[in-house]
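Computed from a prediction, not measured in an experiment: that's the story for all the values here.
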Amino acid sequence: MFSKKSSLLPLFVLLLGTAACQNKPTTTSAGAANTSSKTSPASTTPLKAIIKAVYPDKDPAFNFQSDVMVESGVIKTGDKIDAVSGDGKRFTFVVVKMRNPFEDIKSADKESGTVYLMLKGPNDAVFNQNFIFVSAGAALPPGQAAGKATDGMFTAKIDGAAWSGNGFSNSHLFYKKGVKQFNDGKPTMMLTFKSTQTPDNRQLNIMLTTADAKPGVYAGEQIEILLSGSAVGDTQKPDMYGHKYPQTIGRNLKVEITSYKENAGGTATISGKISGYMLAPLGMAKKKEILVENGEFSNVVVKVFTEKY
């Protein structure tokens, strides 16, 4: 076991999630969403908006923010819209507020570029870039890829409770020849997931020391794992659990890669599983260890670097 000052992962990995949150659009409090708001009027051009990122939010007026690009149709404040996945998952939201990078706006179309939606919807909604926004009740646009709702996500039961996490910009990286001043220069893959559930702000970092990421079981000194943050969103009540060999060894903790495929354009798609116990640093958490059950990440897209850095 190690002291509070010990680090399970280098600082720059831990800061990935923090940076992602800091880069979210700045918002101000808005009035409460009117759940009886009308749906957008029928249009000859059905709404299709591509989701680029999703952030749970604790604002009393809305509980999610989403970065989107409208491909067709129009989104307006007050509209009801559905997030729909290829495998049939659907969540309905009211658009409470909208922004572009510079100001509040009332509507957005294909010419608007990236816009930021403040949404009021089910607290237990779990959605990400695998979903498409359409008008409330509308079908998924023809030809839309029928991926699973959990593609690119991490899901598990952690300490007896369901937990899910999304990736974000530059959160999944694979340095096949290593980074000179990181992990002793060894080949390293890093997968990072941020909680999808407000007020939980925890982040899960998974690091594999490998050059080829071939399917198989990774354990012991081949892995580093860290779950850090607060389950209740309180910076005064942080938790930290993980595994780092040999200082802090999580009992029976293992990562299994079930599939790995390299794609064109310098990316790869990876799926895998995690199970076992994560251990707490001395004095940093309420329990000595917590159990990860049915941990799974599916079709996660990783940036691949083939040069030595």
Side-chain angles (χ1 to χ4, degrees), residues 8-10 12-14 16-17 87 128-130 145 147-158 163-194 203-227 241-279 291-309:
L8 291 170
L9 287 178
F12 84 89
V13 178
L14 297 181
L16 278 172
D87 58 348
N128 62 6
Q129 295 93 325
N130 302 312
K148 295 181 179 179
T150 54
D151 282 353
M153 296 180 64
F154 178 87
T155 60
K157 181 182 286 187
I158 298 179
W163 193 88
S164 59
N166 277 334
F168 45 87
S169 178
N170 293 318
S171 63
H172 310 314
L173 306 170
F174 187 15
Y175 293 96
K176 299 188 77 170
K177 294 186 178 180
V179 178
K180 186 176 181 180
Q181 295 181 335
F182 174 63
N183 195 23
D184 296 325
K186 297 175 183 177
T188 302
M189 178 184 288
M190 294 177 289
L191 307 176
T192 308
F193 302 93
K194 192 77 175 176
Q203 178 174 298
L204 178 68
N205 298 285
I206 303 166
M207 189 173 83
L208 304 177
T209 300
T210 181
D212 56 18
K214 64 182 179 182
V217 175
Y218 296 74
E221 60 186 324
Q222 297 173 300
I223 62 174
E224 280 190 39
I225 297 178
L226 176 65
L227 178 69
Y241 294 92
H243 165 96
K244 180 178 174 62
Y245 185 91
Q247 299 97 319
T248 307
I249 301 175
R251 182 162 56 97
N252 299 324
L253 190 63
K254 62 182 180 181
V255 177
E256 179 184 359
I257 295 178
T258 55
S259 67
Y260 176 82
K261 179 182 178 181
E262 297 204 347
N263 312 313
T267 68
T269 302
I270 186 171
S271 298
K273 301 177 181 180
I274 300 178
S275 62
Y277 289 85
M278 293 189 292
L279 190 64
L291 176 62
V292 180
E293 301 174 89
N294 302 318
E296 184 174 1
F297 50 95
S298 57
N299 296 320
V300 173
V301 177
V302 180
K303 289 185 179 180
V304 179
F305 301 90
T306 57
E307 302 295 325
K308 180 76 174 182
Y309 289 89

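Taking both residues in full, the closest heavy atoms of Ala211 and Phe174 are given as O-CZ, 3.6 Å, listed atom of the first, atom of the second, then distance. The two residues Val292 and Ala156 come nearest to each other via the heavy atoms CG1-CB, 4.3 Å. Thr267 and Val304 get closest at one heavy-atom pair: C-CG2, 3.8 Å. Looking at every heavy atom in both residues, Ala219 comes nearest to Leu253 through CB-O, 3.8 Å.
Residues satisfying the ring-ring contact (aromatic ring centres under 6.0 Å, His included) test with Tyr309, not counting sequence neighbours, are Tyr175, Phe305. Partners of Phe193 according to the ring-ring contact (aromatic ring centres under 6.0 Å, His included) rule, which considers only residues two or more places apart in sequence or in another chain, are Phe154, His172. The side-chain hydrogen bond (donor to acceptor under 3.5 Å, both in side chains) search around Thr188 returns Asn183, not counting sequence neighbours. Listed by chain and number, the residues in a side-chain hydrogen bond (donor to acceptor under 3.5 Å, both in side chains) with Thr269 are Asn263 (sequence neighbours excluded). Looking at residues two or more places apart in sequence or on another chain, you find a side-chain hydrogen bond (donor to acceptor under 3.5 Å, both in side chains) between Ser164 and Thr196.
Rounding to the nearest 0.5 angstrom, the gap separating the CG atom in Asn294 from the OG atom in Ser275 is 9.0 Å. Separation of atoms CG (Leu279) and CD1 (Ile225) is listed at 12.5 Å; rounding is to 0.5 Å. Summarising the geometry, atom NZ belonging to Lys186 is positioned 5.5 Å from atom CG belonging to Asp184; distances are rounded to the nearest 0.5 Å. Considering OH of Tyr241 and CD1 of Ile158, their distance stands at 11.5 Å, rounded to 0.5 Å. Of the inter-residue distances, the one linking Tyr260 atom OH with Met189 atom CE reads 5.0 Å to the nearest 0.5 angstrom. Atom OG1 of Thr192 sits about 10.0 Å away from atom CG of Leu226, to the nearest 0.5 Å.
Side chains of Asn166 and Asn128: a donor on one and an acceptor on the other come within 3.5 Å.
Taking the side chain as every heavy atom from C-beta outward, Trp163 and Leu204 approach each other to under 4.5 Å. With a 4.5 Å cut-off on side-chain heavy atoms, Leu173 and Lys303 count as touching. Here the side chains of Gln203 and Phe168 are in contact, with some heavy-atom distance below 4.5 Å. The shortest side-chain heavy-atom distance between Tyr245 and Ile223 does not fall under the 4.5 Å cut-off. With a 4.5 Å cut-off on side-chain heavy atoms, Met207 and Asn205 do not count as touching. Side-chain contact between Leu208 and Ile257 is present, with heavy atoms from C-beta onward closer than 4.5 Å. Put simply, the side chain of Val302 reaches to within 4.5 Å of the side chain of Leu191, judged on heavy atoms. Residues Glu221 and Thr209 have side chains not in contact (no heavy-atom distance under 4.5 Å, counting atoms from C-beta outward).
Applying the salt bridge (Lys or Arg N to Asp or Glu O under 4.0 Å) test to residues at least two apart or on different chains, the pairs with a partner in residues 249-265 are Lys176-Glu262, Arg251-Glu289.
Without hydrogens or angle criteria, His243 side chain to Tyr277 main chain gives no donor-acceptor distance under 3.5 Å. Ser298 places no side-chain N or O within donor-acceptor distance of the main-chain N or O of Ser271, the cut-off being under 3.5 Å. In this structure, Thr150 contributes its side chain and Met153 its backbone to no donor-acceptor pair below 3.5 Å.
Within a 6.0 Å radius of NZ in Lys157, no more than 12 heavy atoms belonging to other residues, nucleotides or ligands are found.
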